[in-house]
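Structure first, commentary second.
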Amino acid sequence: MRIAILALQGAFIEHELMMRGLGCDVFEIRKLSDWNQPKDGLIIPGGESTVQSKLLNELGLSVPIRNAIISGLPVMGTCAGLILLAEQVENGNSSMGLSTMSIEVCRNAYGRQLGSFYVKSSMKDVGEDLPMVFIRAPYIKRVYGNARVMAERDGRIVAARQENQLVTSFHPELTEDNRVHRYFLDMVREYGE
Ligand code: GLN
């Protein structure tokens with residue numbers, strides 16, 4: 001399987017290592033010509049969603065990526081990646097760019113650095129005791145349409161899925177536990193059939 005990793009900014013290297021460890025080919029998306037390579041899935045990493053959103057637009061990547069996701073390309077968005085995929089950011093005012101997923105997101109919901117923390121919690125269809133690293137994390141205020149809650153922590157939604165799209169407000173790539181990535185690869189297989 002060949003996985004594209006958006007590598008404009010943020011924690012993309014850790015996703016690459018995780019995917020290589022699971023036997024995938026990976027390649028980085030840094031410009032429009034990278035995007036044209038064949039791929040079975042896409043990862044949008046954590047980082048700073050405002051910066052990633054600006055670069056996606058400037059590089060002409062927003063529209064082709066959005067169209068591919070709408071056409072069924074499996075995508076996993078972590079943290080800032082989740083924000084980019086949300087149709088509604090902060091009180092339903094606007095989206096940050098890709099706007100493919102029926103979720104409403106609050107950015108920096110846990111405050112600044114002080115709000116970074118680690119917990120173990122469960123995620124539907126993935127398992128129990130999953131390590132979750134939150135770094136200035138967003139949370140999902142609500143899901144609607146075809147989006148489904150996959151994990152909640154302290155009454156807040158921290159992971160969701162909508163068909164070919166999977167998002168987490170935490171960073172599974174910053175742990176030794178590869179179950180979320182394995183779950184995503186199952187989605188990639190399902191959509192590749
Ligand atoms: N707070 C960041 C944003 O709004 C996301 C943080 C992260 O990806 N770790 O983009």
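Since we're looking at a predicted model, the values are computed, not measured. All heavy atoms count here, side chains included; hydrogens, waters and symmetry mates do not. We number each residue from 1, following the sequence as shown. Counting convention: from 1, in listed order, for ligands and their atoms alike.
- Of all the heavy atoms of Arg107, the ones lying under 4.0 Å from any atom of ligand 1 belong exclusively to the side chain.
- Side-chain atoms of Lys141 do not come within 3.5 Å of backbone N or O of Tyr139 as any donor-acceptor pair.
- Proximity of a side-chain donor or acceptor of Asn57 to a complementary backbone N or O of Lys54 within less than 3.5 Å is not detected.
- For the pair Thr50 and ligand 1, the shortest N or O to N or O distance does not fall below 3.5 Å.
- Looking at Ala80 next to ligand 1, an N or O pair under 3.5 Å apart turns up.
- For Thr78, no heavy-atom contact with ligand 1 is shorter than 4.0 Å.
- The contact set between ligand 1 and Ile83, taken as ligand atoms under 4.0 Å from a residue heavy atom, comprises 3 (C), 4 (O), 10 (O).
- Close contacts of ligand 1 with Gly46, meaning ligand atoms under 4.0 Å from a residue heavy atom, involve 8 (O).
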Can Tyr144 and Glu87 be said to form a side-chain hydrogen bond (donor to acceptor under 3.5 Å, both in side chains), step by step?
CA-CA 10 Å; Tyr144 52 95; Glu87 276 175 2; 2.6 Å; yes
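- Other residues, nucleotides and ligands place no more than 12 heavy atoms under 6.0 Å from the CD atom of Glu176.
- Using a 4.0 Å cut-off between charged nitrogen and carboxylate oxygen, Arg179 and Asp177 count as a salt-bridge pair.
- The distance from ligand 1 to the heavy atoms of Gly47 drops below 4.0 Å at these ligand atoms: 2 (C), 5 (C), 6 (C), 7 (C), 8 (O), 10 (O).
- Every N/O-N/O distance between Cys79 and ligand 1 stays at or above 3.5 Å.
- Using modelled atom types, no side-chain atom of Glu128 and backbone atom of Ser121 make a donor-acceptor pair closer than 3.5 Å.
- Those atoms of ligand 1 with a heavy atom of Ser49 less than 4.0 angstrom away are 3 (C), 4 (O), 10 (O).
- Ligand 1 does not have Gln52 within reach: every non-hydrogen atom of the residue lies 4.0 Å or more from it.
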Criterion salt bridge (charged side-chain N to carboxylate O under 4.0 Å, His left out) on Glu14 and Arg20, from CA distance to verdict:
CA-CA 10 Å; Glu14 291 82 357; Arg20 286 215 175 89; over 6 Å; no
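- Set against the non-hydrogen atoms of Arg136, the atoms of ligand 1 under 4.0 Å away are 1 (N), 2 (C), 5 (C), 6 (C).
- Formation of a donor-acceptor pair under 3.5 Å by the Arg66 side chain with backbone atoms of Ser99 is found in this model.
- For ligand 1, the polar-atom distance check against Pro138 finds no nitrogen or oxygen pair separated by under 3.5 Å.
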